[in-house]
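Worksheet for the structure shown next.
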Amino acid sequence: MQDKPHTARALVGRLRGAAAACDAPATAAAVAAIRLASKDDPGIRAPLAEAGAVPLLAAQLSAPAATDAAAALLNISISAREQLASAPGLLDALTAALRTGAAHHAAATVHSLLCAEAHRAAIGARRPLLAALVALLRAPPSTRATKDALKALFGVALYPPNRATLVSLGAVQALFALVVTDPRHGIVEDATAVVAQVAGCAESLEAFRWVSGVRILLDLVEPGGAETPRVRENAAAALLNLVVAGGEPAVAEVLAVGGAEETVRDLAEDSAATPRGKAKAEALLRALEGAARKREHRLADFLNGLVQSDPYISSPASASTHG
């Protein structure tokens, strides 16, 4: 253990010297060495951060060694999130890296930082970073980059104030595009998980309308509509969050889809469904049934008022029958 700080200082010193000399090949080799060490030896990650590796690696995210630098930062973040989060300019450097071939490592590093709840507000305040993550969802299919972007966006959306920002950046459209066009089960599962989180803000309802999101989610809730139980569960969670955040207008949006209550009831009563999926469906069903009863009550009050105010209108109960 005593050798690790020494080794870390030697590796960082090698990178510092090569970068100061503007020796591109030597810099790339030093970055690659740090990546390899941080991958093979978890015990050296924190010493690397303490030796000053983070800002030096961040400076390489726009250089030819960007992929190795991003991978090294990801490895180090597992043991030294605070050092990464507090490094000046790191989030800006990661934002730039999200638009390069190092995107999957950069997105995974952002996700790693978001595992600490304390960082979610600060990262969510970086609109260009969030925009770069959303843009990855629209990029040509890349399982690694797309999955890492989805995981990062899920972490972002766990902080409620970030959800409206994601909606304004077009995240809802990009997510549903993946849901309906990407055949990969893992991608659809992760995309619907993010949808469920983003649905939990009032701003999401209008965005859902633009993409027929409620109908798509109800199709996934139907028996056989989703490829995996987790997708069905996520769809139910998304509808429930939408209703909770959007209130009566959101409930009306769900009820406007024919057979919505029956579809949700099928999931609530499905013994093969996941416990979480059943619980979400039961809560959603109570909300839909309660809204339907309230609507019927309001209609009855309206009709009764109409009868009482107009002597020429008879209610069915008081109408007489003539032969």
Side-chain angles (χ1 to χ4, degrees), residues 54 58 61-62 66 69-70 73-74 77 81-82 84-179 182 187-208 210-211 213 234 237-238 241-242 245:
V54 174
L61 289 176
S62 57
L73 285 168
L74 172 60
S77 73
R81 288 193 180 94
E82 294 306 318
L84 261 75
S86 60
L90 176 69
L91 293 181
D92 290 335
L94 287 172
T95 300
L98 287 169
R99 302 186 178 96
T100 71
H104 59 290
H105 291 310
T109 303
V110 174
H111 171 249
S112 178
L113 294 175
L114 287 163
C115 288
E117 185 177 350
H119 301 153
R120 292 170 189 165
I123 291 175
R126 300 289 185 130
R127 190 178 177 90
L129 190 155
L130 302 190
L133 288 172
V134 172
L136 279 177
L137 304 187
R138 302 191 184 98
S142 168
T143 301
R144 292 182 67 183
T146 305
K147 283 187 71 68
D148 287 329
L150 287 169
K151 289 177 181 178
L153 288 169
F154 182 83
V156 169
L158 285 175
Y159 184 63
N162 292 340
R163 295 167 187 168
T165 303
L166 291 177
V167 171
S168 71
L169 291 170
V172 171
Q173 293 89 329
L175 289 165
F176 275 103
L178 283 177
V179 171
D182 199 306
I187 294 295
V188 177
E189 287 185 351
D190 290 346
T192 50
V194 182
V195 167
Q197 292 300 319
V198 175
C201 69
E203 294 81 357
S204 65
L205 180 57
E206 187 60 30
F208 273 54
W210 276 98
V211 295
N234 289 341
N241 290 344
L242 186 71

Handout entry: Any donor-acceptor N/O pair, Asn162 side chain to Val156 backbone, under 3.5 Å
Key = yes
Practice task
Say whether, by atom type as modelled, one donor and one acceptor occur between the side chain of Ser112 and the main chain of Ala108 under 3.5 angstrom.
Solution key: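 No; judged by distance alone, with no hydrogens or angles, the pair does not exist.
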Does any part of the side chain of [Y], heavy atoms only, come nearer than 4.5 Å to the side chain of [X], both counted from C-beta?
{"X": "Leu98", "Y": "Leu133", "value": "yes"}
{"X": "Ile123", "Y": "Val110", "value": "yes"}
{"X": "Leu175", "Y": "Thr192", "value": "no"}
{"X": "Leu150", "Y": "Leu178", "value": "yes"}
{"X": "Leu91", "Y": "Leu113", "value": "yes"}
{"X": "Arg163", "Y": "Glu203", "value": "no"}
{"X": "Gln197", "Y": "Pro160", "value": "no"}

Problem - Lys/Arg N to Asp/Glu carboxylate O, Lys147 vs Asp190, below 4.0 Å - result: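 Answer for the salt bridge query: yes.
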Nearest-0.5 Å distance, [atom1] of residue [X] to [atom2] of residue [Y]:
{"X": "Arg120", "Y": "Cys115", "atom1": "CZ", "atom2": "SG", "answer": "7.5 Å"}
{"X": "Thr95", "Y": "Arg127", "atom1": "OG1", "atom2": "CZ", "answer": "13.0 Å"}
{"X": "Thr146", "Y": "Asp182", "atom1": "OG1", "atom2": "CG", "answer": "7.0 Å"}
{"X": "Asp92", "Y": "Ser62", "atom1": "CG", "atom2": "OG", "answer": "11.5 Å"}

Handout entry: Partner residues of Glu206 under the salt bridge (Lys or Arg N to Asp or Glu O under 4.0 Å) criterion, sequence neighbours left out
Key =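 Salt bridge (Lys or Arg N to Asp or Glu O under 4.0 Å) list for Glu206, sorted by chain: Arg209.
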Practice task
Under the ring-ring contact (aromatic ring centres under 6.0 Å, His included) rule, collect the residues that match up with Phe176, sequence neighbours excluded.
Solution key: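 Testing Phe176 for ring-ring contact (aromatic ring centres under 6.0 Å, His included), a comparison that skips the adjacent residues, returns Phe208.
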